[in-house]
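Below is one structure, written out as structure tokens, with a few remarks after it.
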Amino acid sequence: MDILAGLNPEQIEAVTLPHHSALILAGAGSGKTRVLTSRIAYLIQKQGVSPHEILAVTFTNKAAKEMTARISAMLPINIRGMWIGTFHGLCNRMLRAHHREAGLPETFQIMDSADQLAMVKRIIKSLNLDDEKYPPKQLQHFINGQKEEGLRPHDVSVYDTFTRTQQEIFSAYEAQCNREGVVDFAELLLRSFELLKRNEILREHYQARFKHLLIDEFQDTNRLQYQWLKLLAGKNAAIFAVGDDDQSIYAFRGADTGNMRELERDFHIRDIIKLEQNYRSHGNILDAANALIRHNASRLGKNLWTSDARGEKLRFYQAPTDLQEAEYIVEEIRALHSDGVPLNDIALLYRSNAQSRVLEHALFNASLSYRVYGGLRFFERQEIKHALAYLRLVHNPDDDGALLRVINFPARGIGAKSIESLQADAHGSSLWSKARGKSRKLDEFANLIESMRQACSGAPLPETVETVIGMSGLKSHYLHEKDGEDRLENLDELVNAAATFESEGDPLVEFLSHAALEAGERQSGEGTDAVQLMTVHSAKGLEFHAVFVSGLEEGLFPHSNSRNEAGGIEEERRLMYVALTRARRRLYLSCAQSRMLHGQTNYNIPSRFLKEIPEELVQIIGIAAFGETPAPVSGKKSPWRIGANVFHPKFGEGVVLACEGIDQVQVNFRRAGTKWLALEYANLIAI
DNA sequence: TTTCGGCGACTTTTT
DNA sequence: GTCGCCGAAA
């Protein structure tokens, strides 16, 4: 098979680049993954590079799997020796191999975010700090932020007592992690980074080994990830970074597009290859996306084009209420479906999860099947986390987090009091080490764990899992619980997962790491023909025949919180760009004049992003006449209608919330807030 | 120890 | 509007 067949000139240039570092700016739908995998195939097949010398890194397990699958389809080689995976997966692999040099116990465990938060809470309590003043979530964010900057507690610059306390919590948190032999996600990266930095032998070993580092979604890398890559690359490796600054929508979690410019500098990149030919969308859709993103000042600059037809115009619908918006969408979905578009080729996108409810409701009433992405993943479910906690205890009873999770689940009469006194006692050592000889119930628990350990020692993984689920009492607990059937099914599924799990070393350790690193699918009911509902964030990387972008209102999209953040609006605009470029053939944009949010009705003006799309690309499907808005609460003859957009010389733009009689209106001003105005004096202008 | 009710939060998300 | 957490009552 010819690797280059069917590639366009720019793609071929990227795939066949000589051995020096490169940055590939790959626009939406420009065949990014294809270029990445073709590059790997080209290196191996045409350049005689050994799979052993290649490291390819992605952000998500899904992307890593897809890359692996595509490469195996292209090359008849065993890709085992290749390091393909997520940043965290590869760091985990490295740390397992060199746990001693990294200062970790051989069978260290990985905490997911929820585990981490629980530990932060414990630390704050144990330091007798007020969790109102030191919200655990915020501290978790602080700790992760520091680690992603490569900072340890002693590196934190302390300039006030608040930061001092944060640093102390960070410090205590680290001590606790070390004591329990657990690491959080950020720690995987930081440890791996420090290992390479300090250990010259290992660093040189890996630098000599990996001649090619390929990075997917480079715009999403944070500082630490970039530093890790830089260290791994050394002087001789060639970096092949693929990314799109216009699709950077994760700055809020530390992604730094500045890394693209740093890469250019650090690796003396001569030319940036731009992949601008789009194979996904019709012309009008691309023109709209291009016009929108041009409003962003900080870009590397790129313009998508297609050889495809212009296609249909975009369709815009402004509904009086969110309910009517949903009804309109449902009607259009019906029409599309009867025209033969499969439901699962239709996506309904929104900015925030809270918006899905109205849409779900309308779809449900119309008996259209739908699937909502988001929600709990398999390994995050309560019953699964409980079972995993027992497994962790079997493996390492000093894991306080696991012990606390299940010491009284199923209930065995060990309440808050007993746990508190145990914690007071343990001070500096593990809870397990102090569990015996305090009370009959605690002894019974200790005996239970001990006998579970014995029952599991030497047993194969699936049997261990089954034993633990049985002996712990989880099974009988859910058997007696009224809605426990699903949970029991999930526990069975966990045994299945263990049975099909392939490991190279200690099966239990690897299974537990797998559970933390790969929390499983976020959706259920795969395979059925159903409309896809998701946030714009989760739609990244996907494409659909028809896409509805709903809730295009100021305050929602762009989200109001983004207005005060530096670069916030630009990130929202990139998000909008991602939303638009998901559509292949048909793109609907909609908004509502009034919307139920957080239990109260809001009146918002249409999103500024709508104005940034050239009119001639858009077909306006009946802007709801103001006459159709719900009648004003009172005042039959008020000159203003609820929901009308107005301008006040002093307060600026706003929306009419209510009318009182003929001369009073309540207006929600964007800047000045909500005010009652006497029309006799206020000079309101319609906009 | 469990359960129930009140209160506050509430953008996006992967590992 | 709804979820989750915390504190008080059963």
Side-chain angles (χ1 to χ4, degrees), chain A residues 57-64 85-92 110-118 121 125 131-132 135-137 141 144 147-148 183-190 192 216-217 220-222 224-225 248-255 322 349-358 360-361 373-377 379-380 382 408-419 441 513-522 534-541 551 555-565 568 571-572 574-576 578-579 595-602:
Chain A
V57 61
T58 63
F59 277 85
T60 65
N61 291 298
K62 199 174 150 201
T86 62
F87 278 100
H88 296 85
L90 296 179
C91 288
N92 179 47
I110 302 163
M111 290 189 290
D112 66 14
S113 311
D115 298 333
Q116 184 190 31
L117 183 62
K121 281 183 184 163
K125 269 226 177 77
D131 60 3
E132 302 260 297
K137 278 240 172 70
H141 185 77
N144 291 334
K147 290 192 183 190
E148 276 160 19
V183 299
D184 58 44
F185 288 132
E187 186 70 26
L188 285 169
L189 274 151
L190 183 52
S192 176
D216 189 21
E217 305 276 16
D220 288 341
T221 48
N222 64 33
L224 182 55
Q225 285 158 342
S248 163
I249 55 174
Y250 287 112
F252 73 91
R253 67 170 196 221
D322 49 347
L349 308 184
Y350 34 81
R351 171 68 242 262
S352 65
N353 284 305
Q355 288 167 251
S356 76
R357 189 165 296 120
V358 221
E360 285 181 64
H361 189 76
Y373 285 72
L376 275 192
R377 298 141 129 237
F379 285 110
E380 289 169 356
Q382 183 210 97
N408 199 34
F409 193 96
R412 43 176 77 89
I414 304 175
K417 273 268 149 54
S418 332
I419 293 173
K441 284 169 175 170
S513 309
H514 168 82
L517 285 176
E518 204 168 334
E521 294 288 306
R522 252 182 189 274
M534 65 189 87
T535 62
V536 182
H537 281 93
S538 26
K540 191 176 161 200
L556 251 191
F557 198 175
H559 197 275
S560 49
N561 291 0
S562 69
R563 289 224 314 248
N564 307 319
E565 287 160 25
E571 175 139 327
E572 295 287 307
R574 291 192 293 269
L575 195 54
M576 179 71 175
V578 168
R595 174 178 301 275
M596 210 42 168
L597 205 66
H598 309 322
Q600 53 179 342
T601 312
N602 288 260

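In what follows, chains are A, B, ... by sequence order, proteins preceding strands, each numbered from 1. Keep in mind that what you see is a predicted model, and the values were worked out from it rather than measured.
- Glycosidic conformation of dT12(B): anti, with the torsion beyond 90° of 0.
- Between the CG atom of D216(A) and the P atom of dT14(B) there is a distance of 15 Å, given to the nearest Å.
- Residues S562(A) and A411(A) both approach DNA chain B. Their nearest nucleotides, taken by heavy-atom distance, put A411(A) toward the 5′ side.
- dG1(C) atom P lies 12 Å from atom CG of L597(A), rounded to whole Å.
- Atom CE in M534(A) sits about 11 Å away from atom P in dT13(B), given to the nearest Å.
- Nucleic acid contact for E565(A): base, since at least one base atom lies under 4.0 Å from a heavy atom of the residue.
- Between K540(A) and D220(A) there is a salt bridge, since at least one side-chain N of the basic residue sits less than 4.0 Å from a carboxylate O of the acidic one.
- Exactly one residue among Q355(A), M596(A), R357(A) makes a side chain to side chain contact (heavy atoms under 4.5 Å, CB included) with D322(A). That residue is M596(A).
- Put simply, R253(A) has no side-chain N or O that comes within less than 4.0 Å of OP1 or OP2 on dT11(B).
- Per the geometry, CZ belonging to R357(A) stands 15 Å off C1' belonging to dT11(B), to the nearest Å.
- Q355(A) comes within 4.0 angstrom of no nucleic acid atom, judged by non-hydrogen atoms across all strands.
- Contact annotation: N353(A) reaches the phosphate of dT13(B) (side-chain N/O to OP1 or OP2, under 4.0 Å).
- Centre separation under 5.5 Å together with a plane angle under 30° does not hold for the ring of H537(A) and the six-membered base ring of dT12(B), so they are not marked as stacked.
- Counting any heavy atom pair closer than 4.0 Å across all strands shown, D184(A) reaches no nucleic acid atom.
- Here L349(A) lies out of heavy-atom contact (under 4.0 Å) with every strand.
- Panel note: side chain D112(A), backbone I110(A); no donor-acceptor pair is recorded below 3.5 Å.
- Taking the charged nitrogens against the carboxylate oxygens, R574(A) and E571(A) do have a contact shorter than 4.0 Å, which makes a salt bridge.
- Protein atom NE2 of H559(A) is 5 Å distant from nucleotide atom P of dT11(B), rounded to whole Å.
- Taking a centre distance below 5.5 Å and an interplanar angle below 30 degrees as the stacking criterion, F59(A) does not stack against the six-membered base ring of dT15(B).
- Across the protein-nucleic acid pair, L556(A) atom CG and dT12(B) atom P stand 11 Å apart, rounded to whole Å.
- Across all strands shown, R574(A) has no heavy atoms under 4.0 Å from either base or sugar-phosphate atoms.
- H141(A) has its NE2 atom 14 Å from the P atom of dT11(B), to the nearest Å.
- Closest-nucleotide positions on DNA chain B for L575(A) and K62(A) were compared, and the one nearer the 5' end corresponds to L575(A).
- Here the side chain of S192(A) pairs no donor or acceptor atom with the backbone of L189(A) at under 3.5 angstrom.
- Contact check, S538(A) against dT13(B): a side-chain N or O comes under 4.0 Å of OP1 or OP2.
- Counting any heavy atom pair closer than 4.0 Å across all strands shown, F87(A) reaches no nucleic acid atom.
- Within the 4.0 angstrom heavy-atom criterion, only backbone atoms of the sugar-phosphate kind lie near N61(A); the bases stay farther away.
- Considering only side-chain N and O atoms, N408(A) lies under 4.0 angstrom from the phosphate OP1 or OP2 of dT1(B).
- Of the side-chain N and O atoms in S352(A), none sit less than 4.0 angstrom from OP1 or OP2 of dC10(B).
- Using cut-offs of 30° and 60° for the angle between ring planes, the H88(A) and F185(A) rings count as perpendicular.
- Rounded to whole Å, the separation between the P atoms of dT13(B) and dG4(C) comes to 16 Å.
- Taking 3.5 Å as the limit, the base of dT15(B) and the side chain of S113(A) contain a donor-acceptor pair of atoms between them.
- As a whole-Å value, the separation of E217(A) CD from dT15(B) C1' is 15 Å.
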